[in-house]
Amino acid sequence: MRRQVNHLEFDEGRLRWVHAALFAAYGHQHWWPAESPFEVMIGAVLTQNTAWSNVERALARLSASSALEPAAILALDPAELAEALRPAGYFNLKARRLSAFCVEYLAAGGLEGWGALDTETLRRALLKVNGIGPETADDMLLYAFERPVFVVDAYTRRIFARLGAIAGDEAYEQIRAGFEQTLGPDVPLFKEYHALIVQHAKQACRARPICPDCPLREACPAALAPSLHAKM
DNA sequence: TTCCTGAAAA
DNA sequence: TTTTCAGGAA
């Protein structure tokens with residue numbers, strides 16, 4: 001049954017088909033790669049506008065300074081913190097954001113304090129922290145707090161725009177609501193789906209797409225008529 | 001607009 | 001070798 005929910009043109013069947021096709025092609029992704037919920041959260045901040053491989057180096061440098069927990073991060077000299085974050089890019093900005101986040105995290109009572117809130121309240125609390133926007137908040141909600149929130153990133157927009165499910169420039173909340181309402185709340189599915197989207201966007205559905213071996217080829221207008229979609 | 005790195009393309 | 005590109009939040 002076709003439902004049009006907030007600009008998402010795909011029905012449940014097509015969304016599940018895409019997931020199944022990606023899973024068949026790439027398998028389990030084991031996301032989010034982190035040792036603890038707190039590490040998920042700092043990774044979410046560091047990965048803003050940044051490739052994950054660069055985030056890993058920054059995390060390794062934090063680890064080398066024994067600074068993978070909030071108190072230890074705040075204890076670092078700001079210049080030292082920024083230096084550790086250098087490989088992740090925007091290091092001065094991210095040093096400030098990470099500190100601001102740690103302050104709020106501790107003030108809120110850490111994982112237990114935030115974990116006691118219902119999803120909407122927690123989301124609003126996260127969004128109030130300077131440096132946490134919708135995508136970063138949703139990374140945290142899904143992978144650190146196990147809440148049924150669908151993460152929308154640049155890769156999600158690109159892939160589903162090419163497939164014809166969205167225009168691509170909709171508001172974040174529109175797309176998120178579309179996926180969540182069409183698929184229904186399902187934490188394991190949302191975790192795996194987003195991880196597969198990232199994998200697929202890096203592997204095949206890049207800015208310059210590699211369509212010939214794409215697992216979604218048969219369902220993709222962009223793969224069938226590349227010239228019409230050259231700039232997508 | 002600004003913030004910044006590292007991989008890929010030219 | 002130099003230039004372009006990819007990637008969120010304020």
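In the text below, chain A, chain B and the rest are named by the order of the sequence lines, each starting its count at 1. Note that the structure is a prediction, hence the values are computed from the model and not measured.
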From CD1 (A:I159) to SG (A:C214), nearest 0.5 Å: 8.5 Å
Test of ring centre spacing under 6.0 Å for A:F179 and A:F190: no
Whether A:T50 side chain and A:Q48 backbone form a donor-acceptor pair below 3.5 Å: yes
No-hydrogen, no-angle side-chain donor-acceptor test under 3.5 Å, A:T136 and A:D139: no
For atom CZ of A:R158 and atom C1' of C:dG8, their distance in whole Å: 15 Å
Aromatic ring proximity, centroids under 6.0 angstrom, A:W114 and A:F38: no
A:E104 side-chain N/O to A:C102 backbone N/O, donor-acceptor pair under 3.5 Å: no
Touch class at under 4.0 angstrom, heavy-atom based, for A:V129 against every strand present: sugar-phosphate
OP1 or OP2 of C:dG8 under 4.0 Å from side-chain N/O of A:T50: no
Touch class at under 4.0 angstrom, heavy-atom based, for A:A154 against every strand present: sugar-phosphate
Protein proximity profile, nucleotides 3-10 of chain B - base contact B, sugar-phosphate-only contact S, no contact -, cut-off 4.0 Å on heavy atoms: BBSSS---
